[in-house]
Every structure is written in structure tokens, then in C-alpha cells.
K.L.:
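Sending over a structure as C-alpha cells; questions will come in a sec.
Read the numbers this way: they start at 1 and go in the same order the structure lists the ligands and their atoms. Each residue takes its place number in the sequence, starting with 1. Fair warning: this is a prediction, and the values are worked out from it, not measured in the lab.
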Amino acid sequence: MCGISAYIGHREAYPIVINGLKRLEYRGYDSSGIMMYDGEKMYLTKTKGKVSDLEFITNQEEERKAGNIGMGHTRWATHGVPNDVNSHPHYSQSGELVIVHNGIIENYDTIKKELITRGYTFKSDTDTEVLINLIEEVKKTEGCKLGKAVQLALTNVVGAYAITVFDKAKPNEIVVARLGSPIAIGVGEDNKEFFVASDASPFLEYTKNAIYLEDEEMAIIKLGKEVRVRKIKDDSLVDPIIQELQISLEQIEKGGYDHFMLKEIHEQPKAITDTFRGRMLAEENMIKMGSIEDNLDKFLNADRIIIIACGTSWHAGLVGEYLIEDMARIPVEVEYASEFRYRNPIVTSKDVVIAISQSGETADTLAAIKLAKSKGAFVYGVCNVVGSSIARETHSGAYTHAGPEIGVASTKAFTTQITVLTLIALKLGKANGSLSDDSFKNYIQKMSLIPKQIEKLLEIDEHVKSIAAVYKDATNCLYLGRGFNFPVALEGALKLKEISYIHAEGYPAAEMKHGPIALIDENMPIFVIATNKGHYEKVVSNIQEIKSRAGKIIAIVTEGDTQVRDIADHVIEVPDTEEALTPLLTTIPLQLLSYHIAVMLNKNVDQPRNLAKSVTVE
Ligand code: AGP
């Protein structure tokens with residue numbers, strides 16, 4: 001996600017755009033930039049770092065802040081590491097057009113190659129610079145205005161975008177377009193001024209009248225005139241709906257949710273879709289991951305794969321172990337990075353290390369990577385922050401496209417990490433023949449259903465909330481799972497611990513009889529993942545053992561389950577899918593449960609005590 005903030009009207013644009021970017025930093029903050037037009041010249045200022053770093057530069061030269069037209073951008077990098085040249089806005093080759101963009105242009109490489117044959121050169125590694133030059137090329141060859149050029153250019157684009165485009169030759173207008181990324185237009189009194197932003201927070205104090213573009217719509221904004229909205233695919237006119245906003249600034253930043261954590265739980269369908277977008281090609285029945293293809297021999301000939309990570313990322317790594325061994329039959333070990341780095345591990349050049357980290361800055365994981373590299377291993381990273389230290393330290397890797405995760409308790413990072421690990425396991429299994437074509441095809445088909453299944457699953461929120469109310473005062477909880485869901489039991493326990501401060505432990509369900517069962521009495525809630533896959537009957541036996549000791553059982557079951565329903569105190573149903581994919585679903589109710597318990601206990605959900613979003617110290 002990135003943040004867009006633009007203004008055209010009678011006021012000084014700079015303070016409006018800059019303050020708007022600051023309100024959008026929750027959407028991305030690795031670099032930022034602003035274009036100001038003073039009626040004659042365009043000034044472009046951009047830098048790696050936060051909006052405050054941008055302000056420091058613009059404050060050095062007044063002309064960088066002059067004018068009634070401005071476009072700004074705060075970036076969450078997806079293509080091209082965060083640095084000055086990759087920051088937005090981007091100029092076209094002629095210097096006449098300028099763009100800010102939120103989203104991913106999937107076919108940018110093909111378009112870029114074509115533009116190069118037509119004499120275009122590029123300064124940055126971004127897909128955005130390709131898009132503005134495509135628009136310029138269309139404008140030139142068609143001899144049309146900016147609005148028409150944008151419309152024609154976008155009919156050749158595959159991916160997701162929210163863009164704002166300005167043409168120096170037509171300084172009284174701005175063109176906006178949307179597909180898959182939000183964009184709002186603030187409409188000033190008598191159309192004397194307009195605001196454009198990724199959400200309404202930058203302009204709510206100036207106007208409550210807003211037009212939210214729908215997917216595949218574009219708008220031509222001209223001072224003094226009504227906004228004209230068109231369909232991108234056929235240029236047909238659409239009647240714009242001007243809404244009068246009734247929400248607060250704080251609600252907007254959290255997308256209308258009470259906390260970032262809840263917002264991010266609900267963002268998981270989109271985050272998972274964005275993570276497999278362009279990689280899992282269901283129609284072609286293939287998985288395209290250049291970082292794996294380029295190193296396939298290393299993975300397939302490895303003595304073993306060692307997964308290193310911390311916290312929730314370590315839990316994702318455990319799911320990865322089950323996935324890769326099951327699908328690709330390659331030996332996998334999972335290590336706490338904090339242990340691995342100090343225990344003088346045996347690592348050779350025949351080992352492949354996968355380092356998993358949301359922030360890409362976790363000190364223990366970074367140190368473990370350096371140790372593995374020093375011993376000759378090939379190190380592959382799975383990170384959520386483009387250009388982060390771990391992303392740069394590893395030999396290769398794949399990004400999760402979860403977008404910024406603000407809540408300290410990791411949610412969408414976990415499910416997108418599992419998504420990447422699933423793609424890797426499927427790709428390796430297909431490559432070394434461990435996975436039949438039918439199995440491979442079936443997994444891709446089932447994986448493509450997961451985002452919609454999570455959308456539907458999130459509707460159980462009220463039911464989970466009612467269970468949270470029953471157990472919010474517990475002092476100890478147990479989480480049990482088997483197979484692919486053993487790591488989910490660990491993750492569920494961590495979620496509860498870190499935001500509600502209730503002690504909880506995750507265990508393999510079969511381990512109960514080796515000690516923990518002594519803990520069980522009528523005061524102990526036990527959350528059991530009992531989906532109808534794998535060793536279902538064994539889990540049912542575990543539940544009966546608990547029941548006979550008066551433990552309170554909250555079971556996560558597959559939709560339609562009746563057997564567990566008859567013995568558990570509460571059941572939460574999740575949709576059916578392949579056993580290997582169930583963690584993507586069984587995690588969701590446990591995230592919601594810990595969230596609601598923490599809220600009921602009035603805890604600081606987004607910034608729990610003693611914790612930091614990224615543990616950059618040892
Ligand atoms: C999980 O909810 C915690 N925030 C924490 O365990 C986190 O997963 C761990 O610190 C690893 O962080 P990373 O993924 O950024 O490396």
C-alpha cells in the first residue's frame with residue numbers, strides 16, 4: 001500500500017499535500033516525494049525515508065513549496081528498493097507529465113521493453129515510471145489529451161493501481177484512475193478546489209464531500225467544473241456519487257476499524273491475493289517465481305532446508321516445514337534464529353537457509369543469516385518490507401505483499417508468509433516430481449479459493465466475540481493442534497499472550513498425555529483445532545480425554561462437523577480445504593479470539609506492553 005495526496009485549487013497546495021502524506025504514512029513510509037507547480041515550473045522533491053525527511057529538504061528551498069497545485073506520495077515499495085530515484089512522483093521522459101501511483105503493474109516488464117525499443121530510457125526500477133511513459137507514448141502517437149491517453153494506456157495494463165497524473169501543458173486539470181487500490185476525490189465548494197487521496201484523511205478538514213472511484217473508473221478533474229467520471233474500458237460516462245462523509249480522522253486511518261490489528265485481520269483476503277498475484281497462475285496451472293527458478297538446483301540438490309525466524313515468523317516456518325517435506329520430500333529443519341546464531345550449528349554449502357521476517361530487521365534473524373552465509377549456505381529471504389536489511393542480506397528471496405503491518409501482533413504477515421511457503425513447496429514438489437500434476441492442480445485450485453473462504457470466515461466475528469466474553473478472565477489457556485495445525489496452536493497461544501497478557505501454551509494434541517493433561521480442570525479453557533483432516537479421530541480422542549477432566553473445550557472444526565460439536569463446549573466452523581491449506585483458515589478465529597479478549601480486558605491491542613513491532617536489538 002502507498003499513500004497519495006494531491007491538491008488543485010486556490011489555496012497553497014504544499015501544506016495540504018504534506019500534512020495529507022503524514023496522515024497516510026500508516027499506508028507506507030519507506031520513501032516519499034512531492035511535485036509542486038507554481039504556474040510556470042514543476043518542482044520535484046523526493047527522498048528515501050519518512051515525510052519528515054522530505055520536509056527537511058523542501059524547507060531548504062522555498063520554491064519547492066510554491067504553487068496551488070501539488071501531488072505527493074508516501075511509498076511502500078513493491079518494485080525497486082526504497083531510495084531517492086525510486087520514490088514517487090515520477091516524470092515522463094519529456095518532463096511534461098508526472099504521476100503518483102499505488103499498486104502493482106504486473107506486465108510492466110513487457111511494456112518497458114516495448115518503450116525502450118521506441119527510444120525511452122528509465123531512471124528508476126519502478127513499474128510506475130513505465131506507466132507514465134506509456135501514457136506519454138499514447139498521448140504522442142494518438143495526439144490526444146491527457147484524459148484520453150490515460151484511458152487508452154490503462155486498457156493495456158494488467159495489475160492494480162490508483163494513480164494521479166498531471167500534465168504541465170494543462171495545469172488546471174488532474175486525471176485520476178483506479179483498479180484494485182482505493183482513491184478518493186474531495187470536492188471543494190463550487191468546484192473551486194479538489195483534493196485527491198488514498199483515503200479521505202488528508203482532506204476531511206477541508207471538505208466532507210467525496211467521490212470514491214470504483215474499480216476501472218477514472219476521473220478528469222478540472223477547476224471550476226464538475227468532476228467527470230468515465231469507465232476505463234470503454235470511456236463511457238458515469239454519474240459520480242458525491243458522498244457527505246460522517247467519519248472521524250482516526251477512524252479513516254484504521255479503515256473504519258477500532259484497531260489496526262482488526263483492520264489487518266480483515267485485510268488478509270487481499271494480502272493473500274496480492275501475495276500470490278502474478279505467481280500462482282491458475283489458468284496456466286503453474287507457479288512463476290523467478291527467485292526459485294533461478295536457484296532451483298540449489299533447492300532440489302540441498303542436503304536440507306533450514307528455516308530460521310523468530311516469533312510468529314517461526315510459527316510460519318514450522319508450517320513451511322510440514323508443507324515442503326510433505327509436497328517436495330526435501331528434509332527441513334526449523335530453528336529459532338536466536339538459538340541458531342549462538343549454538344555453533346553445523347551448516348554447509350549443501351544447505352539452503354530460508355529466513356522469514358515481516359519487518360526484515362529482526363536482529364537475531366539477521367545475525368543467523370550472516371552466520372549461515374559465513375558457513376557457505378545459500379540464504380533465501382521471505383520478507384514483507386522491500387529493501388529491508390534482511391531482504392538485502394539474503395542471496396535471493398520473495399516478498400510477501402501484505403502491505404504495512406502496523407499492529408504489533410502479526411496477523412496478515414503470518415498468513416502471507418504461509419502463502420509464499422506454500423507456493424515454494426508446490427513449485428519444488430512439481431519440479432522434483434514428488435507432487436503429481438493432479439495434486440499440483442488441485443492445490444492451486446484450492447489455494448485460489450482461500451481468500452474468498454477467509455472473507456466468509458470473517459463473518460463469524462460475533463460468534464467468536466461471544467466465546468471471548470466467556471473466557472476473557474481465564475488465567476491460563478491451552479491450544480492444541482496436530483500436523484499442519486500444531487504450529488497454528490502455537491501461533492494462537494502467542495496471539496493471546498502478547499495482547500491480552502493471559503498465559504497460554506500451544507502443544508501438539510498428542511503431547512497432552514505426556515504432562516500437560518495434569519493442568520486440566522474446570523478452570524482451564526482448551527482451544528483445539530479439530531478440522532476433519534489428518535488425524536481427526538485422534539484429536540477427537542484427545543477432546544474426550546479433556547472432557548473427562550472437566551476442561552472447557554473450544555474446538556475449531558470443519559463446516560458441518562457433528563461429532564466434535566456433541567462433546568465440545570463451543571465450536572467454531574471453518575470452510576473445508578486441503579489439510580495442508582487449513583492453517584490459512586484455522587488461524588483466523590484464533591486471531592479474532594485474542595483480539596476480542598484483549599479489547600474486553602481494555603489492553604492496548606496495537607501497542608501491547610513491553611513489545612515492539614520490530615525487535616532490532618538482541
Ligand atoms: C508476533 O505477533 C510478534 N510481533 C513477534 O513474535 C514477531 O513475529 C517476531 O518479533 C518476528 O518479527 P519479524 O517477522 O519482523 O522478524
K.L.:
Using a plain distance cutoff, I'd like to know if Ile356 has any nitrogen or oxygen under 3.5 Å from a nitrogen or oxygen of ligand 1.
P.N.:
no
K.L.:
Heavy-atom distances under 4.0 Å decide this one: backbone, side chain, both or neither, for Lys495 against ligand 1?
P.N.:
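The part of Lys495 near ligand 1 is the side chain, not the backbone.
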K.L.:
Among Ser594, Gly407, Ser359, which residue places a heavy atom closest to atom 15 (O) of ligand 1?
P.N.:
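Residue with the shortest heavy-atom distance to the ligand atom: Ser359.
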K.L.:
What protein heavy atom lies closest to atom 14 (O) of ligand 1? Include the residue and the distance to one decimal.
P.N.:
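For atom 14 (O) of ligand 1, the nearest protein heavy atom is Ser313 OG, 2.6 Å.
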K.L.:
Classify the side-chain pair Asn102/His88 by whether it contains a donor and acceptor separated by less than 3.5 Å.
P.N.:
no
K.L.:
Is there a polar contact, in the sense of an N or O pair closer than 3.5 Å, between Thr365 and ligand 1?
P.N.:
no
K.L.:
Can you tell me how far the CG atom of Leu581 sits from the CD atom of Gln453, to the nearest 0.5 Å?
P.N.:
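Interatomic distance, Leu581 CG to Gln453 CD, rounded to 0.5 Å: 9.0 Å.
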K.L.:
Give me the residue, atom name and distance of the protein heavy atom closest to atom 6 (O) of ligand 1.
P.N.:
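The answer is Gly311 CA, 3.2 Å.
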K.L.:
Among protein heavy atoms, which lies nearest atom 4 (N) of ligand 1, and at what distance?
P.N.:
Val408 O, 2.7 Å
K.L.:
Give a yes or no on whether the ring-centroid distance for Tyr380 and Phe299 is below 6.0 angstrom.
P.N.:
yes
K.L.:
For atom 3 (C) of ligand 1, what's the nearest protein heavy atom and its distance?
P.N.:
Glu498 OE1, 3.5 Å
K.L.:
Do me a favour and list the nearest non-hydrogen protein atom to atom 9 (C) of ligand 1 with residue, atom name and distance?
P.N.:
Cys310 O, 3.8 Å
K.L.:
Provide, to 0.1 Å, the distance between atom 12 (O) of ligand 1 and the closest protein heavy atom, together with that atom's residue and name.
P.N.:
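Of every protein heavy atom, Thr362 OG1, 3.5 Å lies nearest to atom 12 (O) of ligand 1.
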K.L.:
Going by the atom numbers of ligand 1, which of them fall below 4.0 Å from some non-hydrogen atom of Ser410?
P.N.:
1 (C), 2 (O)
K.L.:
For atom 1 (C) of ligand 1, what is the closest protein heavy atom, and at what distance to 0.1 Å?
P.N.:
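Answer for atom 1 (C) of ligand 1: Thr312 OG1, 3.0 Å.
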K.L.:
If you define the side chain from C-beta out and look only at heavy atoms, does anything of Leu449 sit under 4.5 Å from Thr577?
P.N.:
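No - every pair of side-chain heavy atoms lies 4.5 Å or more apart.
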K.L.:
With sequence neighbours left out, what residues match Asp303 under side-chain contact (heavy atoms from CB on, under 4.5 Å)?
P.N.:
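If we apply the side-chain contact (heavy atoms from CB on, under 4.5 Å) test to Asp303, skipping adjacent residues, the hits are Thr348, Lys350, Asp351.
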K.L.:
Among all residues two or more places apart in sequence or in another chain, which pass the side-chain hydrogen bond (donor to acceptor under 3.5 Å, both in side chains) test with Glu321?
P.N.:
none
K.L.:
Testing Thr419, Thr400, Ile307 one by one against Val382 for a side chain to side chain contact (heavy atoms under 4.5 Å, CB included), which residue passes?
P.N.:
Thr400
K.L.:
Could you tell me how the ring of Tyr471 sits relative to the ring of His570: parallel (under 30°), tilted (30 to 60°) or perpendicular (over 60°)?
P.N.:
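Taking His570 first and then Tyr471, their aromatic rings stand perpendicular (interplane angle over 60°).
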K.L.:
Of the protein's non-hydrogen atoms, which lies at the shortest distance from atom 10 (O) of ligand 1, and what is that distance?
P.N.:
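Checked against all protein heavy atoms, atom 10 (O) of ligand 1 sits closest to Val615 CG2, 3.9 Å.
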K.L.:
At a 4.0 Å threshold, what atoms of ligand 1 neighbour a non-hydrogen atom of Ala409?
P.N.:
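That gives atoms 2 (O) of ligand 1.
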K.L.:
Anything under 30° is parallel, anything over 60° is perpendicular, the rest tilted; go ahead and classify Tyr336 against Trp314.
P.N.:
parallel
